[in-house]
Amino acid sequence: MTRKIETFKPISDDQTRIYSCGPTVYNYAHIGNLRAYVFTDTLRRLLNWKGQTVTHVINITDVGHLTSDEDSGEDKMELASQSMEKDIWQIAEHFTQAFKNDLSQLNLLRPTLWSTATDHIHDMIAFAKTLERSGATYILETGLYFDTTKVPDYGSLALTPREGQEEGARVDPIAGKRNATDFAIWRRSPAVGKRQMEWMSPWGPGAPGWHLECSVMSMKYLGSRFDIHTGGIDHREIHHCNEIAQNQAYTSHAHSGANWWMHNNFLIDRSGKMSKSKGEFSTLTSLIAKGIHPLAFRLMCLSTHYRSELEFSLETLAGQLVRLKRLVGAISMLGLEVESKPWMRIPNEIRFSSGASFTYPRTVLEQTLSPHGKKLLDGFDREMSEDLMTPRALPFLDETIHHDKLNAEEKLRIIASMDLVLGMNLLGTRRCDLALRPKDVSLSASEVEALLAQRQQARRAKDFANADAIRDRLHTAGVEIMDGPKPSWEWRPLLH
RNA sequence: GGCCGGGUGGCGAAGCGGUCAAACGCUGAGGUCUGCAAAACCUUUAUUCGUGGGUUCGAAUCCCACCCCGGCCUCCA
C-alpha cells in the first residue's frame, strides 16, 4: 500500500493466499496479457520454493462489460457474440479454453482454483445488499452506485488526488453520480432491448459491475484478509481502488483486504502498450505460427523485471529462442554424462503441483551439494527473493552450466531446483522440441529429409557445388542444416 | 487538463551516491571445428548512461530546468 518494497510475511506461517485478476474472455489473450500470468506463476513458484503452501485463485470474467458507461454503450461480450455469430456463453467458453491452453503451453502451474464470474452472481447480489445496508451506495436510473466518499482514504493505492481529475476525459459522464470516482455495483438493463446475459436482482434485471466480482470471489475463497492480490498496472488506479473500497464497506474496516497489492507492468511495442481494443495484437498462437516456441516468450518475460515495461520485438524474442536453445542444448550435454537417477523424476512431477510447497522436492534435489553449488543457489535465492529479480537470477543458470568445479550431476540438480521457480522445463525439453515448423513454410518435413539425403550423396561424391545449392535452397525455405557426426536440421523462425 | 512512470551499447535489459572504463542475453567481430558453411565452444564488442545546469571529495544514480516517450483518469494484464 505504500508503493515500497517490504519484506513479505504471510498471515499464516507457511501458507500464502493469492488472488490474481484474470482475463475478460471476449477475445484471445494477447502476449501482453500473458505476461501478467507468467509473473503470477513465477511469484507462486517462488513462494512454493521458499516453503509456502499457496492457495492461488484466478478469476475468469465472463460477464460482459460495457464499452462505455452509457446506456448506449456496447457490451464487449455481446459484440463478440454478434461478430462470431455465436451464443454469448459459447464465446466465453471458447476464449476461456483458448486462454487456459495458452497458459499450459507456457508451462504455468494450474491455480488452485479457477473462479468464474457468472458462477457467482448470487454471491455478488448478497455482497451488494450488504454494501447497501452499510450505507455506501445509492440508486440511479442506471443502477446501483458506490459512493466513494463513504470509505476512508479512497484511492490511496493510486496516489491520485481526486481533485483535478477530469471526469469523463474520454467518455461521457453518467448523469446523477455524486462523485466522479463513484462506480457501478449493479448495472440495470436498459428499458428496451435485452442483453443475452442478465440476472434478476433487487435493483432490477441487469448485470454486476465489473469491480464487484473480484471483491466477492477473493473474499469467498481466501477470506476477508488474504496475502497478495496481483493484477496489471492498469488496475492500480481504478479497479483495485474500487475493489478496496468495496472490501472496506463490506467489512466495515479500513483494511484493504489484501496485505500486498502487486502490479506487473506492460509489454509494449513502438506504438505503445498492446491492447485488445486496438484490434491488432500478437497472440501466442501467432508466435507459434512463426516458429517461435512459447517457452522463448516465457524466457523473455523473465529477462525483464516484472515492474518494468518490456519493449517487445520479434527480433528480441527470436534472440531469447536462441538463448533457450543453447541452454537446453548445454543441459542435454550434461545429461549425457549422468546415468538415470530417481531425482530426475521431480521436474516432471512438479508440473502437476496444485499449490503444495516445494520443500520436499528441494531437499531431494539439493542434498549433498558442494560449497560451490550451495553458493550458486544462494545467489539465485537472494536475487529471486529481492522482489522477483529474475533478470539478475538468470545469470546464475549460465554460471552453473559453465562452472568448472562442479560435476555434471550436481549441476543438473542445481538447475532442476532453479527451474522449479523459473518454470522453463529445462530438463524436460530438448533442442529439437524448440524448433517449431513455421506455419507458412513451403516444405514438409519429409521433403526436407529427401533433399538432405540428396545433399549427403552429393557431398560424398565431392560434388560440393550441388550440395551447396541444395543447402541454399533449404536455407531460403527456412531450414537450418547442422552437419556434424550426426547430420541434422531444424526450422528457423520466420520473422515478420 | 490532472496524476504516475520512463529515456543506459546495434537490440532487450540490470544497475538507483563510491567496488561502474556499467551485470546478463541476443547481435556483430576474431578464433576452434568444417570441403566451405551452419550448429556448438572460446575470446571480444559503452572512457559512457536524453540535453543543460547544480549539490557532493565522488553522480547513470540526488536536485532544478528543458526535450522526447509511455501509462492511468471508459473496458483492458
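Naming convention: chains lettered A, B, ... in sequence-line order (proteins, then strands); numbering from 1 in each chain.
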Considering every strand and a 4.0 Å limit on heavy-atom distances, what is the contact class for [X]: base, sugar-phosphate, or nothing?
X      : value
A:E315 : nothing
A:H240 : nothing
A:R431 : sugar-phosphate
A:E309 : sugar-phosphate
A:L317 : nothing
A:M389 : sugar-phosphate
A:I481 : base
A:H239 : nothing
A:G32  : base

By nearest atom, which of the nucleotides B:C36, B:C11, B:C73 is closest to the A:R455 side chain?
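Looking only at heavy atoms from C-beta outward on A:R455, the closest nucleotide is B:C36.
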Is it true that the side chains of A:N247 and A:S215 contain a donor and an acceptor less than 3.5 Å apart?
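Per modelled atom types, A:N247 and A:S215 side chains form a pair under 3.5 Å.
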Identify the nucleotide, in any strand shown, that forms a Watson-Crick or G-U wobble pair with B:A40, with both distances under 3.5 Å; if there is none, say none.
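Here B:A40 is engaged in a pair, and the nucleotide opposite it is B:U32.
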G-U wobble or Watson-Crick pairing nucleotide for B:G1 (cut-off 3.5 Å, both distances)
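Matched B:G1 with B:C73 under the 3.5 Å cut-off.
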Are more than 12 heavy atoms from other residues, nucleotides or ligands located less than 6.0 Å from atom CZ of A:R178?
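It does: A:R178 CZ has more than 12 such atoms within range.
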Exceeds 12 heavy-atom contacts within 6.0 angstrom, atom CZ of A:R473
no
In terms of the nearest nucleotide of RNA chain B, which residue is placed more toward the 5' end: A:G484 or A:L34?
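The answer here is A:G484.
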RNA chain B: 5'-proximal contact among A:A465 and A:A330 (nearest heavy atom):
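Between the two, 5'-proximity favours A:A465.
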Regarding B:G35, can its base be found pairing with the side chain of A:D468 as donor and acceptor, where the two atoms are less than 3.5 Å apart?
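Answer yes: a donor N or O sits under 3.5 Å from an acceptor.
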Report yes if a donor N or O on one partner sits less than 3.5 Å from an acceptor N or O on the other, where the partners are the side chain of A:R326 and the base of B:C26; otherwise report no.
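No, no donor-acceptor pair under 3.5 Å.
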Once you round it to whole Å, what is the distance between [atom2] of [N] and [atom1] of [X]?
X      : N     : atom1 : atom2 : result
A:D234 : B:G71 : CG    : C1'   : 9 Å
A:R392 : B:C24 : CZ    : P     : 9 Å
A:K486 : B:C33 : NZ    : P     : 23 Å
A:D398 : B:A23 : CG    : C1'   : 12 Å

Compare the aromatic ring of A:F266 with the six-membered base ring of B:G70 and state whether they stack according to the 5.5 Å and 30° rule.
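It does not: the ring fails the test against the base of B:G70.
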Side-chain N or O of A:S308 versus OP1/OP2 of B:A13: is the shortest distance under 4.0 Å?
no
Taking salt bridge (charged side-chain N to carboxylate O under 4.0 Å, His left out) as the criterion, tell me which of A:D463, A:D483, A:D472, A:D468 meets it with A:R455.
A:D483
